[in-house]
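Basis for what follows: all heavy atoms, side chains included, without hydrogens, waters or symmetry-related copies. Small disclaimer: the values here were computed from a predicted structure and weren't measured.
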Amino acid sequence: MLQEQRIPVVIKAIRTESPKVKRITFTSFNGSSLPVFSAGAHIKTFIKHKESTLERYYSLTNHPEDTRTYEIAVRISDESNGGSSYWHHTAREGEVIEIGYPKNHFPLSFKAKHHVFYGAGIGITPFLSMMVDLIKSRGGSFELHYAARNKEMCPFYSFIKKQYQKQCHFYFSEEGNRLQKETLLEHRIGTHVYFCGPHTFIHDFTNAAKKYGYPQTSIHSELFTPPKPQKAAGFQVTLRDSGRSVLVEKEESLLDVLLSLGLNVPYSCKIGRCGTCELNVLEGKVEHYDHFLSEEQQASHKIILSCVSRAKGEKLVLDC
């Protein structure tokens with residue numbers, strides 16, 4: 001695996017958006033423009049933590065045409081092992097870090113007659129660049145349905161209400177106003193729906209959209225952390241080329257184990273979205289946790305995305 005190209009950037013500003021969310025602004029280290037990106041894109045940040053480097057993914061929230069700066073928003077996690085904790089407690093303005101080039105697994109559809117964004121909590125972030133792009137560049141119609149506990153815990157509430165008053169709808173659970181899946185029934189034919197938020201939120205609304213008859217090509221979602229298997233167990237993997245057999249422990253991913261063996265397994269997103277780490281399965285069944293393979297591909301048990309999926313049983317034989 002070739003080392004990913006990195007861009008040195010300076011932390012220009014750190015601002016508080018809500019009690020648990022910080023907005024971070026970057027500029028390039030040498031003063032030049034940053035690489036162009038498209039609405040919905042994200043970057044990988046490389047954070048030095050103890051004696052290792054943590055890789056964390058964040059949506060770019062600013063207008064894609066403004067490459068003087070990049071902006072991200074980070075929610076502090078109660079279970080943080082160094083990522084969000086760094087941005088909230090350690091990062092300082094003027095500090096230099098490295099980021100990856102922008103990538104986009106969650107683009108706006110050119111085929112949509114109307115765009116409807118469903119966000120929960122920090123899931124608002126990719127929609128910020130999408131909305132400003134539709135307003136200033138594309139001219140497409142859209143609406144936002146945004147769920148949070150309350151106004152105080154709702155990042156970018158004042159900004160969104162001011163900028164997109166006609167398009168936005170807020171739902172605050174502590175006020176007894178919850179976002180309901182039945183809202184999906186209100187959209188006209190030709191609408192594309194986009195979901196971003198906790199895994200359960202995306203899962204429930206995606207399934208509801210399918211149930212209500214939305215074509216698969218009209219449903220889009222974004223994840224930044226891999227789904228956690230409810231009953232993860234270790235399994236044995238045999239590699240056909242070498243005949244080697246190794247154990248993947250329940251807390252490990254197949255990809256990480258293969259990389260630790262020195263195998264040149266391509267990968268990118270590590271959350272089951274891009275398909276880069278796809279491997280062929282010769283024997284065994286797969287417990288799929290990706291959001292990339294089609295239902296037919298998953299049912300065949302002939303392909304596995306090694307970053308998130310696991311054996312549905314005790315062993316797999318891989319074509320590698």
Side-chain angles (χ1 to χ4, degrees), residues 1-4 42 44 52 54-57 79 81 83 103 105-106 195-211 214-217 219-320:
M1 179 70 185
L2 296 175
Q3 184 175 359
E4 181 176 354
H42 66 270
K44 182 192 296 185
S52 62
L54 299 178
E55 300 178 1
R56 295 294 184 267
Y57 301 83
E79 301 176 354
N81 59 3
K103 296 181 180 180
H105 305 308
F106 194 45
F195 306 122
C196 189
H199 183 261
T200 53
F201 171 83
I202 294 174
H203 178 269
D204 291 347
F205 273 78
T206 297
N207 284 345
K210 293 177 181 177
K211 176 184 174 182
Y214 282 79
Q216 183 65 48
T217 54
I219 303 171
H220 314 272
S221 62
E222 178 74 307
L223 286 169
F224 285 105
T225 57
K228 295 182 180 180
Q230 293 182 347
K231 297 181 180 180
F235 59 96
Q236 205 76 21
V237 173
T238 299
L239 310 178
R240 186 197 63 172
D241 292 350
S242 65
R244 187 172 183 178
S245 185
V246 294
L247 177 66
V248 180
E249 300 283 2
K250 64 180 181 179
E251 68 275 6
E252 296 178 308
S253 73
L254 172 58
L255 174 63
D256 287 340
V257 170
L258 296 178
L259 292 174
S260 71
L261 295 175
L263 296 180
N264 186 25
V265 181
Y267 68 90
S268 180
C269 73
K270 286 189 174 182
I271 56 172
R273 286 285 298 160
C274 69
T276 306
C277 65
E278 175 184 305
L279 295 171
N280 292 326
V281 178
L282 301 178
E283 294 181 28
K285 291 190 175 182
V286 180
E287 192 74 50
H288 294 282
Y289 293 99
D290 66 89
H291 289 259
F292 178 81
L293 298 177
S294 67
E295 292 181 1
E296 291 77 14
Q297 287 175 315
Q298 291 186 350
S300 74
H301 296 282
K302 298 298 184 183
I303 302 172
I304 186 171
L305 294 196
S306 59
C307 65
V308 294
S309 296
R310 309 180 67 81
K312 192 174 185 178
E314 297 181 354
K315 68 175 184 178
L316 290 174
V317 178
L318 301 180
D319 184 18
C320 67

When rounded to the nearest 0.5 angstrom, what distance separates [atom1] in [X] from [atom2] in [Y]?
| X | Y | atom1 | atom2 | result |
| --- | --- | --- | --- | --- |
| His220 | Thr206 | NE2 | OG1 | 10.5 Å |
| Lys302 | Lys285 | NZ | NZ | 10.5 Å |
| Arg310 | Tyr289 | CZ | OH | 8.0 Å |
| Leu305 | Tyr267 | CG | OH | 15.5 Å |
| Ile304 | Asp319 | CD1 | CG | 13.0 Å |
| Thr200 | Asp204 | OG1 | CG | 6.0 Å |

Please examine the side chains of [Y] and [X], heavy atoms only from C-beta on, and report whether any two atoms are closer than 4.5 Å.
| X | Y | value |
| --- | --- | --- |
| Val248 | Leu316 | no |
| Thr238 | Leu282 | no |
| Leu261 | Arg244 | yes |
| His301 | Val281 | no |
| Gln298 | Asp290 | yes |
| Ser306 | Val265 | yes |

Original post:
Yes or no on side-chain contact (heavy atoms from CB on, under 4.5 Å) for Val237 and Val257, after CA distance, side-chain angles and deciding distance?
Top reply: CA-CA 10 Å; Val237 173; Val257 170; over 6 Å; no

Do you know the tightest heavy-atom contact between [X] and [Y]?
| X | Y | value |
| --- | --- | --- |
| Gln297 | Ile303 | NE2-CD1, 4.0 Å |
| Cys274 | His105 | CB-CE1, 3.4 Å |
| Glu278 | Phe292 | OE1-CE2, 4.3 Å |
| Ile219 | Ala209 | CD1-CB, 3.7 Å |
| Cys307 | Cys277 | N-SG, 3.4 Å |
| Ser309 | His288 | OG-CA, 3.4 Å |

Original post:
Is the CD atom of Glu295 crowded by more than 12 outside heavy atoms at less than 6.0 Å?
Top reply: no

**OP:** Determine the interplanar angle of the Tyr57 and His42 rings, folded into 0 to 90°, and report it as parallel if under 30°, tilted if 30 to 60°, perpendicular if over 60°.
**Re:** perpendicular

**OP:** Please work out whether the ring planes of Phe195 and Phe205 are parallel, tilted or perpendicular, with thresholds of 30° and 60°.
**Re:** tilted

Subject >> Trace of the side-chain contact (heavy atoms from CB on, under 4.5 Å) decision for Lys312 with Val286 >> reply: CA-CA 5 Å; Lys312 192 174 185 178; Val286 180; 5.8 Å; no

Subject >> side-chain contact (heavy atoms from CB on, under 4.5 Å) between Lys270 and Asp256, intermediate numbers included >> reply: CA-CA 10 Å; Lys270 286 189 174 182; Asp256 287 340; 4.2 Å; yes

**OP:** Tell me, with the steps shown, if Glu252 and Leu247 meet side-chain contact (heavy atoms from CB on, under 4.5 Å).
**Re:** CA-CA 10 Å; Glu252 296 178 308; Leu247 177 66; over 6 Å; no

**OP:** Taking Arg240 for its side chain and Val317 for its backbone only, find out whether a donor-acceptor pair lies under 3.5 Å.
**Re:** no

